[in-house]
Amino acid sequence: MENSNNKFFDTTKIYKKKISFFVKEGLDSFLENIIKGLSDEYETKKIIVNNFNQIDEGMKWADICWFEWCDELVIYGSSHNLAKEKIIICRLHSYEAFTKYPADVIWQNVDKIIFVAEHIKNFVINKFNIDNDKALVIPNGIQCEKWTFKERKTGFNIAYVGYINYKKGPMLLLHTFKAIYDKDNRYKLYIAGQFQDYRDILYFNQMIKEFNMENNVIYEGWQDNLDKWLEDKNYILCTSILESQNISVMQAMAKGIKPIIHNFVGSKDIYPKNLIWNSIDDAVKMVTDNKYNSKEYNLYIKNNFELKHQIDKIKYQILKVYKIEENIMLKQPLVTIGITNYNGKKYLSKCIDNCINQTYKNIEILLIDDFSNDGSCEIIKDYEKKYDNIHAIYHTFNSGGALKGIREIIDNSKGKYFQWIACDDYIEKDAIYKFVNYLEKNPQKDYVFSNFNIINEDNEKVDQWNYKIYSYNEAIKHIFKSSSGIVPMNCLYRLEFFRNNKINWIVYRGNDFSADTLNFLQFIKYNWNYGKVDDTLINYRIHSNNLSHNLEKRINASVSIFDYIIKNFKEEIYMPEIPWDKVLNRKQFKNCIIAQFYYNQIQNHINMNAIPKYINANITREELIKYCIVFAKEGMNYIYEGLSQGDTYKIELLKLKDLYEKYIDEVKNLR
C-alpha cells in the first residue's frame, strides 16, 4: 500500500519523528513547555505562521502536525492535500469553542483533538458533532518547581492576575472586592494584567472613587516575574464566568496561596469544591474565615496538573496513534464485503470495482444474486473467474427483498469485519481502510458508519446526508417521531457482535422495506455500540427504480416500525414528554395516546408533511388518502382495546373513533 493513500509509516527506519508546531504570533505561551518536553524524543520545529506557505512547508517536513489553537491555521491544515498522510493534532483551549472555527475544520483528517478541560470538550463535541473518540482531555501543566512554595497564612493582600474583560467578570471582581473591603478596610486588591475594554476602565475608575477605595485597588500591570510578584499575596481571586483552567490560579496554588474561585462553568470539574464560591457573601467568608492550608493547595496542583505528567500523556497519545496505524498495516484483519444484487447490471461493475480497488487490501468479496434475469449473473461469474477473493451465491428463485442476501453475508463472512452494500451503491476507495482503522482503535465498538453522498443515475453527486451520533433513547424517540432511520446500516460491522449474541438480520411484520431501521432497533436491545468517522465514504444512489420512491411501501413499513417500538420499548422512551408516572388508568391512556398518534400520521401524510421531497411531485392526494388506511386499521385496534379498559378516557376514545370512521368512509368513496 502506497504512503500517499494513508498514514502508515515505515517502521524499519530508525530516526526521530518530526513535529511541526503551528501557532500565530503571540499565542505560543502555552506551547513552549510542550515543545521542550517533546524535544528529547522528537525533532521539533515551532512555526510562527504569518502566511499559509509556512504551513505548506511545515507539513511537508513533518510527520506530525500540531496546531496550537483551533483557528484559521488548522482549518487550512486539515484541508491540505497532505492532511491524509500526516498525523494531525489540534489543541483546543476555550475561546475557540465559541467561534465559528470548529465548524470549518475537516475533522476527519484530524487524528486527535486535545482539550484542556472536560466541559469545553463536551460543549464542542456536541455543538459541532465531532467524533468523541478523537477527543481527549490533557490540561495545561504547571511546572511546580518554578514556583516558590512555602506555608503561608491569612493576610490582607489579594491578587488578581490576567486580562480584565467580559469573560473575567469585571463587575463581579469589583463588587466582590468591595464586599471584602466593607468587612475590613485593610484588604487590598493588587491587579497584575490589563484592561481590554475602555468601558471597564471608566467604570472601575468611577466606582473605585465612589467606594472610597482609591488606596485599596492597586494596578501594577503585566509582571515579568510573577513568582516574585505573588510572594507577598495571601489570596488570589477569580471572578470569571467560564475558564478552561485559569493558569494564574494554579500557579498561585503551587506557591501555597489560597484561591478564591467563582463557580465559573466547569470549575467543579477542575478545583476542589471547598475552594469555589457562588455568592459574594460566600467569597467574603472564604477570605475571612481563617481556613488556610498551603500544603493542600500545592499538593492538589502537583497531583493533578504537574507539567511532567501532562507531557507524558501527550507522548503516550502520539505513540498510540503511531502504533495503531502501524499495527493495522502489519495485521490487516480480513474484511468481507457482501454485495446484494437483483437485476443491477447497469451499476454492478462500478460497485464491484470500487471494492476491488480499495486502499485496504485484505478483502474478500461475497456476491449474492437474487435470481437476476438481466445478465447480471454473467458479470458476476466473470469476476469470480478473474479474482480469487471473489465468491458468489446464486439464488434459484427471487426472495423478494434483501433479507435473505444480508443473512447469507452474515452467515458466510470469514472476516473479522464485514460490510454489506446494494449493487447500485458504491464505496470510496479508502472506505474500508478508514472503517477498519476506527474499529481497531476502538475495540469496544461493534459498528462504524460515515456520511453519505447522494448520487444520481450518472454517478453525479446531487446531495449529501450528514449523520449524528444519538444515544439509544434519543434514537428511539427520533425514529418514533419520524419513522426514519438515523444510522445508515450498510457500513462496517464487527462480526463478533452477531456471533456472541446469536442474532441475524430480521424482518418484522413482513417489512423488508425499512429493515435497516428495524434492525437498528433490534441491535440496540443487545447494547450495540456504534461510532462514526467524520468522512463521506458511501455513495447512495437514488434512481427511478429505487425502492425509496415507493410511498405505499414506505407507509406500510412505518407501521411496522412504530409497532416494533411500542412492543419493545417503554413509552417513557419514545414519548418522554408525557409524565407517565402521574397519569390515571395508564393502560387505557396509552391506548388513547397511540390511537391519537396514528390519526396524526394520517393527517401529516395527507398534508404532505411526512413525505420526502423527492416523492412529493409524484403523488396525488387521493393516492395518499388510500395508502394511509393502514394507519387507520392500526389506530382502531388501540381504540377498541382502550374502550374495554374503563371510562377514564372513554370520551376521548369515542371522539377519535368518530374521526377514524369518517376517514374510512372517505377511503371507501374513492374506490
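Computation of the quantities below employed the complete heavy-atom set of this structure, encompassing side-chain atoms and omitting hydrogens, waters and symmetry-equivalent molecules.
Aromatic ring orientation, Y530 versus F449: tilted (interplanar angle from 30° to 60°). Relative ring orientation between Y493 and Y447 is described as tilted, the plane-to-plane angle lying within the 30° to 60° band. Taking the six-membered ring for Trp and thresholds of 30 and 60 degrees, F452 and W465 have nearly parallel ring planes, at less than 30 degrees apart.
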- Task: Give the C-alpha distance, both sets of side-chain angles, the deciding distance and a yes or no for ring-ring contact (aromatic ring centres under 6.0 Å, His included) between W107 and F128.
- Result: CA-CA 10 Å; W107 289 113; F128 298 101; 8.3 Å; no

- Query: Does the side-chain hydrogen bond (donor to acceptor under 3.5 Å, both in side chains) test come out yes or no for K525 and N568, once each step is laid out?
  - Reply: CA-CA 9 Å; K525 289 171 60 180; N568 287 276; 2.8 Å; yes

- Task: Please report the C-alpha distance between K477 and E577 in whole Å, then the side-chain angles of each, then the deciding distance to 0.1 Å, and finally whether the salt bridge (charged side-chain N to carboxylate O under 4.0 Å, His left out) criterion is met.
- Result: CA-CA 10 Å; K477 176 186 173 183; E577 67 276 8; 5.2 Å; no

- Message: Determine whether N585 and Q645 satisfy the following criterion, side-chain hydrogen bond (donor to acceptor under 3.5 Å, both in side chains), listing intermediate values before the conclusion.
- Response: CA-CA 8 Å; N585 196 346; Q645 294 171 325; over 6 Å; no

- Task: Using the salt bridge (charged side-chain N to carboxylate O under 4.0 Å, His left out) rule, take E652 and K655 through it: C-alpha gap first, then chi angles, then the decisive distance, then the call.
- Result: CA-CA 5 Å; E652 289 83 353; K655 286 180 180 179; over 6 Å; no

- Item | Evaluation steps, side-chain hydrogen bond (donor to acceptor under 3.5 Å, both in side chains), between N373 and N343 | CA-CA 6 Å; N373 55 24; N343 287 347; 3.1 Å; yes

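Aromatic rings from Y627 and H605 are positioned such that their centres are separated by 6.0 Å or more. Taking the centre of each ring, Y574 and F569 stay at or above the 6.0 Å mark. Aromatic ring centres of Y599 and Y660: separated by under 6.0 Å. Between Y564 and Y508, the ring center distance clears the sub-6.0 Å criterion. Aromatic ring centres of F597 and Y638 lie farther apart than the 6.0 Å criterion allows.
Using a distance-only test at 3.5 Å, with no hydrogens or angles considered, a donor-acceptor pair links the side chain of R494 to the main chain of K445. The main-chain N or O of V559 is never found under 3.5 Å from a side-chain atom of D563 such that the two would form a donor-acceptor pair. At distances below 3.5 Å, at least one donor-acceptor pair connects side-chain atoms of N341 with backbone N or O atoms of G344. In this structure, the side chain of E364 does not engage the main chain of G338 through any donor-acceptor pair within 3.5 Å. Although no hydrogens or angles enter the test, the distance criterion places a donor-acceptor pair under 3.5 Å between the side chain of S471 and the main chain of E474. For the pair N529 (side chain) and Q444 (backbone), a donor-acceptor distance under 3.5 Å is present. With hydrogens and angles disregarded, no donor-acceptor distance shorter than 3.5 Å links the side chain of D425 to the backbone of I421. Side-chain atoms of S376 never come within 3.5 Å of backbone atoms of S372 as a donor-acceptor pair (strictly under, hydrogens ignored). Of the possible donor and acceptor atoms, one in the side chain of N389 sits under 3.5 Å from a partner among the backbone N and O of I363. Judged by distance alone, with hydrogens and angles left aside, the side-chain atoms of D370 form no donor-acceptor pair with the main-chain N or O of Y342 at under 3.5 Å.
Between L537 and S450, the shortest heavy-atom contact is N-OG, 3.3 Å. Shortest non-hydrogen contact noted between C628 and Y663 is C-OH, 3.0 Å. Summarising the geometry of S484 relative to I479, their closest heavy-atom pair is O-CG1, 3.4 Å, with the distance given to 0.1 Å. Of all heavy-atom pairs spanning Q419 and N490, the tightest one is NE2-O, 2.8 Å.
Salt bridge absent: D463 and K461 never bring a charged side-chain N and a carboxylate O closer than 4.0 Å. E666 and K662 are not joined by a salt bridge, as no carboxylate oxygen comes within less than 4.0 angstrom of a charged side-chain nitrogen. Using a cut-off of 4.0 Å between Lys/Arg side-chain N and Asp/Glu carboxylate O, K346 and E457 are scored as salt-bridged. A salt bridge links K121 to E118: one of the charged nitrogens lies within less than 4.0 Å of a carboxylate oxygen. Between R509 and E634 a salt bridge is recorded (basic side-chain N to carboxylate O distance below 4.0 Å). Ion pairing of E571 with R586 is present here, as a side-chain N (NZ or NE/NH1/NH2) and a carboxylate O approach within less than 4.0 Å.
Note: L656 CG to I594 CD1 = 12.0 Å, rounded to the nearest 0.5 Å. From I368, atom CD1 reaches atom CD1 of I393 across 3.5 Å, with rounding to the nearest 0.5 Å. Taken from CG in N451 to CG in N466, the straight-line distance is 4.0 Å, to the nearest 0.5 Å.
Using a 4.5 Å heavy-atom cutoff, the side chains of M608 and L624 are in contact. With a 4.5 Å cut-off on side-chain heavy atoms, K650 and D647 count as touching. The shortest distance between side-chain heavy atoms of L366 and I339 does not fall below 4.5 Å.
For the residue pair N109 and S78, no side-chain donor N or O sits within less than 3.5 Å of a side-chain acceptor on the partner. Side chains of D353 and Y383: a donor on one and an acceptor on the other come within 3.5 Å. Looking only at atom types and distance, the side chain of N511 has no donor-acceptor partner in the side chain of K553 under 3.5 Å away. When only modelled atom types and interatomic distance are considered, N539 and E428 share a side-chain donor-acceptor pair under 3.5 Å. A donor-acceptor pair shorter than 3.5 Å can be found between the side chains of N600 and Q596. For the residue pair E440 / Y417, a side-chain donor-acceptor distance below 3.5 Å is found, with atom types taken as modelled.
For D388, the CG atom sits in a loose shell: 12 or fewer heavy atoms of surrounding residues, nucleotides or ligands are nearer than 6.0 Å. Within a 6.0 Å sphere centred on CD of E496, heavy atoms belonging to other residues, nucleotides or ligands number 12 at most. For K313, the NZ atom sits in a packed shell: over 12 heavy atoms of surrounding residues, nucleotides or ligands are nearer than 6.0 Å.
Among the candidates I454, N459, V462, N456, the single residue satisfying the side-chain contact (heavy atoms from CB on, under 4.5 Å) test with R541 is N459. Residue W528 is tested with F498, F523, Y472 for a ring pair (Phe, Tyr, Trp, His ring centres under 6.0 Å); the sole match is F523.
In this structure E384 satisfies the salt bridge (charged side-chain N to carboxylate O under 4.0 Å, His left out) test with no other residue, sequence neighbours excluded.
Residue pairs meeting the side-chain hydrogen bond (donor to acceptor under 3.5 Å, both in side chains) criterion with at least one member in residues 126-136, sequence neighbours excluded, are D133-Y438.
Stacking of K350 on the aromatic ring of Y426 is recorded, both the 6.0 Å distance cut-off and the 45° axial limit being met.
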Table please: side-chain donor-acceptor pairs of residues 400-412 below 3.5 Å, with sequence neighbours left out.
from : atom 1 : to   : atom 2 : distance (Å)
R407 : NE     : W505 : O      : 2.7
R407 : NH2    : W505 : O      : 3.1
E408 : OE1    : H395 : NE2    : 2.7
E408 : OE2    : H395 : NE2    : 3.3
D411 : OD1    : N504 : ND2    : 3.0
N412 : ND2    : E408 : O      : 2.7

